[in-house]
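The structure appears right after this line, and notes come after that.
Residue numbers run from 1 in the order of the sequence given. Only a predicted model underlies this, so the values are computations on that prediction, with no experimental measurement involved. Start at 1 and go down the list; that is how both ligands and their atoms are numbered.
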Amino acid sequence: MSLPGLVILGATGSVGVSTLNVLAANPGRFRVTALTAYRNHERLFSQCEEHRPEFAVLVDRDAAKQLSGRLADAGIPTQVLSGERALVEVVELPQVERVMAAIVGAAGLLPTLAAARAGRQLLLANKESLVMAGHLLMQAVTKGGGELVPIDSEHNAIFQCLPGDEDARKGVRRLILTASGGPFLDTPVEALAAMTPDEACAHPKWRMGRKISVDSATMMNKGLEIIEACWLFDMPPERVDVMVHPQSIVHSMVEYADGSVLAQLGCPDMRTPIAHALGWPQRIHSGAPWLDLATAGPLEFRAACETRFPCLRLAREAARTGGTHPAVLNAANEAAVAAFLDGRTAFTDIAAVVEQVLEATPAQEVESLEHILAVDAAARQAAAGVIDGLSGGRA
Ligand code: NAD
Ligand code: MG
């Protein structure tokens, strides 16, 4: 029997590497059809050496040439493709059954959408694609006839706590997303403006890529996750709550009409939700440590503070407004986070940039993919103007 073909979009990133670790813990269970990355040819070469994919994609053409040369020298028969279009081509290959969508940011939208349209089982880590184009992506999943299994730990937890039967879902009252609170949960608010990129990326519980680490520090990550949950589980934003839980052991909860609350627990290790999604509906080994509640220490829960974390308020407002506003929020945030990571803005400017761009951009009904891409480009341009104004004012 031939093994299901798997494509990992964003193989060299934090989620991509964890996915390959889960595959290594389950030898002979999956076949890697393609691994993709932006330009990290060194890491992609090592991954090709170990996992022997049929195809490797690097968006950057020079990096693809380097990879191609090294693979040929090493006698590894992986075929190298380059350019953005190749990301779409590999998910459409007929031997592919599953696609791990783990590119960071809006760059993940087109290949993720292509995987949904082609009816692949979509393991979705790239939350930004749902935030930008939730309606289009969910529609593509339905039309394509594949399934979507969430990888984001909170959404994977909720997926596990929800009944499979649609009718039984009527008994759900509320979804409760847990949030670690990030590295600045107890930092005095006056000190936040001086926080550096390295401090913002030093997450107390999770090792992740830099963009999502900054999003966790501003709690925009939780805001994006509210929007993600609304699309994934067909919930209005008023019924998605956030609760701070610094230990990151309870990954999220579902509250039912009868007062029951179901939660999924585990060590904070992305290999668990990844293994859940790869094995689903069966269970497979993840390589993550076992949870020992007797030694884990007390589990705390507290309300999330939107004054300390204005990005959470902005995302909630964008979720309520709907239409193109979540895409505007996402694009302005990506531009502001990139500027912060480059040392061009202060940490607290991220929320200010997003707020100004949202205020200057009226929400519209989403018409098409082209419309969303145009809204995304315009919001990035507006954000660049705000960022220039802020850094000019400070210089
Ligand atoms: P990362 O920065 O570590 O890795 C990103 C990957 O995407 C890399 O392989 C990179 O080469 C590729 N990439 C970047 N820009 C690209 C572009 N323009 N075109 C094609 N490929 C590109 O990111 P990550 O932390 O692994 O996060 C990936 C996604 O998963 C994000 O959407 C994030 O929100 C989500 N997520 C991550 C975690 C986590 O623990 N890291 C948890 C939940 C959700
Ligand atoms: Mg998450």
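Residue R39 places no N or O, backbone or side chain, under 3.5 Å from any N or O of ligand 1. Between R207 and ligand 1, a contact under 3.5 Å exists for no N or O pair. For the pair D152 and ligand 1, the shortest N or O to N or O distance does not fall below 3.5 Å.
With ligand atoms numbered from 1 in the order given, ligand 1 contributes 6 (C), 7 (O), 9 (O) to contacts under 4.0 Å with heavy atoms of G10. Remark: ligand 1 atoms within the under-4.0 Å shell around heavy atoms of A107 are 17 (C), 18 (N), 19 (N). Which parts of ligand 1 touch V15 is read off a 4.0 Å heavy-atom cut-off, strictly below it: atoms 26 (O), 30 (O), 37 (C), 38 (C), 39 (C), 41 (N). The contact set between ligand 1 and A37, taken as ligand atoms under 4.0 Å from a residue heavy atom, comprises 11 (O).
When only non-hydrogen protein atoms are considered, atom 15 (N) of ligand 1 lies nearest to Y38 CB, 4.1 Å. For atom 3 (O) of ligand 1, the nearest protein heavy atom (residue, atom name, distance) is S14 N, 2.9 Å. Considering only non-hydrogen protein atoms, atom 4 (O) of ligand 1 sits nearest to G13 CA, 3.1 Å. For atom 35 (C) of ligand 1, the nearest non-hydrogen atom of the protein is A125 O, 3.1 Å. Summary of contacts: the protein heavy atom closest to atom 25 (O) of ligand 1 is G209 N, 2.9 Å. Nearest protein neighbour of atom 32 (O) of ligand 1, counting heavy atoms only, is E128 OE1, 2.6 Å. Looking at atom 5 (C) of ligand 1, its nearest protein heavy atom turns out to be V104 CG1, 3.7 Å.
With salt bridges taken as basic N to acidic carboxylate O contacts below 4.0 Å, one links E255 and R174. Ionic pairing of R316 and E238 is not present here: no N-O contact between side-chain nitrogen and carboxylate oxygen is shorter than 4.0 angstrom. Ion pairing between a basic and an acidic side chain is recognised when a charged N comes within 4.0 Å of a carboxylate O; R169 and D165 show no such pairing. Remark: D241 does not engage K222 in a salt bridge, criterion side-chain N to carboxylate O under 4.0 Å.
F159 and W280 have perpendicular rings, their planes meeting at more than 60° on a 0 to 90° scale where under 30° would count as parallel.
Within the structure, ligand 1 lacks K211 among the residues with a heavy atom less than 4.0 angstrom away. Taking a 4.0 Å cut-off on heavy atoms, N40 fails to register as neighbouring ligand 1. Within the structure, ligand 1 has A102 among the residues with a heavy atom less than 4.0 angstrom away.
The backbone and the side chain of K127 each have at least one atom closer than 4.0 Å to an atom of ligand 1 (non-hydrogen atoms only). Only the side chain of V59 comes within contact range of ligand 1, with a heavy atom under 4.0 Å; no backbone atom does. The proximity of I212 to ligand 1, defined as any non-hydrogen pair under 4.0 Å, is limited to the side chain.
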When the side chains of residues 85-110 are checked against the rest of the protein, which donor-acceptor pairs come out under 3.5 Å, sequence neighbours left out?
residue: Q95; atom: NE2; partner: E54; partner atom: OE1; Å: 3.1
residue: R98; atom: NH1; partner: L278; partner atom: O; Å: 2.3

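A distance-only check finds no donor-acceptor pair linking the side chain of T12 to the backbone of N40 [under 3.5 Å].
Among the heteroatoms counted here (N, O or S) of D152, OD1 is the one nearest to the Mg ion (ligand 2).
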